[in-house]
Amino acid sequence: MSLADVYAALGLSEPPAAVLWDMDGTIVDTEADWVNNSRKVVEAHGGYWDDADGNYIFGACTADHAQRLADAVARGTGPRLAPMRLFDLLHQEMRTAYQDAELLPGAAEMLTAFLEAGIPQALVTATEMDLVIPALQNFPQEYFAAVVSGSEKIPGKPSPEPYLLGAQRLQADIRDCLVFEDSAAGLAAARASGAVTIDVNEIKVADLAKLL
């Protein structure tokens, strides 16, 4: 078994020019931390955080996430605060989660297989770069030739811009790239970019790794 079996399972007739990976919920399990810490910040300021809020923030850009925090605070008994003030507090809470981030099952195997095959990879995430860096430093090795983070001065997901920039940094045609994503916003961004898009909720990375 090999990468050729992975390509066959994905319906690819040839290897991709590059592979672009989402981060949260795709290769690391930090989404629960985002939800729990968002609730913590909102409730500390008299707000109310519900399941719909938790679903909304998956894959959301910083501005949208910050606005959701402010809306949740205003929904409760708290005064309306500046969205980015709330997000900055959340950002501080998330530092430990990224310092301790570990790859999800199958992720290391898949990342290593593409790396050893000479296929360039990029990380394309809505997470700010100062949180991405400690996570990358905690990975077993350096997998990515490029990183596009939430710190970029471009529209965030669901805009295709992050994935288009990732492909550009790898000097690859986005139409020849393979994207792994999990969130609604991220999937919309990847599909709009023209990349071959894999929904890891339907095709598990761990299952693909078993084909290697």
Search all heavy atoms of [X] against all heavy atoms of [Y] and return the closest pair with its distance.
{"X": "Ala101", "Y": "Asn138", "value": "O-ND2, 2.6 Å"}
{"X": "Phe58", "Y": "Ala185", "value": "O-CB, 4.3 Å"}
{"X": "Ala17", "Y": "Ile119", "value": "O-CG2, 4.1 Å"}
{"X": "Ser159", "Y": "Pro162", "value": "O-CD, 3.1 Å"}
{"X": "Gly59", "Y": "Ala126", "value": "O-CB, 4.2 Å"}
{"X": "Leu170", "Y": "Val19", "value": "CD1-O, 4.4 Å"}

A quick test of your reading: do over 12 heavy atoms of other residues, nucleotides or ligands sit less than 6.0 Å from [atom1] of [X]?
{"X": "Glu102", "atom1": "CD", "result": "no"}
{"X": "Gln92", "atom1": "CD", "result": "yes"}
{"X": "Glu142", "atom1": "CD", "result": "no"}
{"X": "Arg95", "atom1": "CZ", "result": "yes"}

Any side-chain heavy atom of [X] within less than 4.5 Å of one from [Y]?
{"X": "Leu111", "Y": "Phe144", "result": "yes"}
{"X": "Ile27", "Y": "Tyr143", "result": "no"}
{"X": "Gln137", "Y": "Tyr98", "result": "no"}
{"X": "Leu10", "Y": "Ile198", "result": "yes"}
{"X": "Tyr56", "Y": "Asp64", "result": "yes"}
{"X": "Glu181", "Y": "Lys157", "result": "yes"}
{"X": "Leu165", "Y": "Arg169", "result": "yes"}
{"X": "Asp53", "Y": "Arg75", "result": "yes"}

Could you tell me whether a side-chain N or O of Asp5 sits under 3.5 Å from a main-chain N or O of Ser2, the two making a donor and an acceptor? yes
Report the distance from atom [atom1] of [X] to atom [atom2] of [Y], rounding to the nearest 0.5 Å.
{"X": "Asp88", "Y": "Glu128", "atom1": "CG", "atom2": "CD", "result": "9.0 Å"}
{"X": "Phe114", "Y": "Phe180", "atom1": "CZ", "atom2": "CZ", "result": "4.5 Å"}
{"X": "Ile57", "Y": "Leu69", "atom1": "CD1", "atom2": "CG", "result": "7.5 Å"}
{"X": "Phe87", "Y": "Leu81", "atom1": "CZ", "atom2": "CG", "result": "15.5 Å"}
{"X": "Cys61", "Y": "Glu152", "atom1": "SG", "atom2": "CD", "result": "13.5 Å"}
{"X": "Ser193", "Y": "Glu161", "atom1": "OG", "atom2": "CD", "result": "10.0 Å"}

Would you please test Ser149 and Met23 for side chain to side chain contact (heavy atoms under 4.5 Å, CB included) and show each step? CA-CA 10 Å; Ser149 75; Met23 186 174 182; over 6 Å; no
Does [X] share a hydrophobic cluster with [Y], counting links as ILVMFWY side-chain heavy atoms below 4.5 Å and allowing steps through other members?
{"X": "Trp34", "Y": "Val132", "value": "yes"}
{"X": "Val35", "Y": "Val28", "value": "yes"}
{"X": "Val148", "Y": "Met129", "value": "no"}
{"X": "Val179", "Y": "Val200", "value": "no"}
{"X": "Met110", "Y": "Leu136", "value": "yes"}

Could you check Thr127 against Met94 for side chain to side chain contact (heavy atoms under 4.5 Å, CB included), going step by step and ending with a plain yes or no? CA-CA 10 Å; Thr127 300; Met94 288 300 299; over 6 Å; no
Electrostatic pair Lys210-Asp207, nearest N-O below 4.0 angstrom: yes
Side chains of His91 and Thr62: do they bring a donor and an acceptor to under 3.5 Å? no
Side-chain donor-acceptor pair present, Asp22, Ser183, cut-off under 3.5 Å: no
List the steps, then state whether side chain to side chain contact (heavy atoms under 4.5 Å, CB included) holds for Thr96 with Asp33. CA-CA 10 Å; Thr96 300; Asp33 295 294; over 6 Å; no
Evaluate the criterion side chain to side chain contact (heavy atoms under 4.5 Å, CB included) for residue pair Thr197 and Tyr163; output intermediate values, then yes/no. CA-CA 11 Å; Thr197 303; Tyr163 279 110; over 6 Å; no
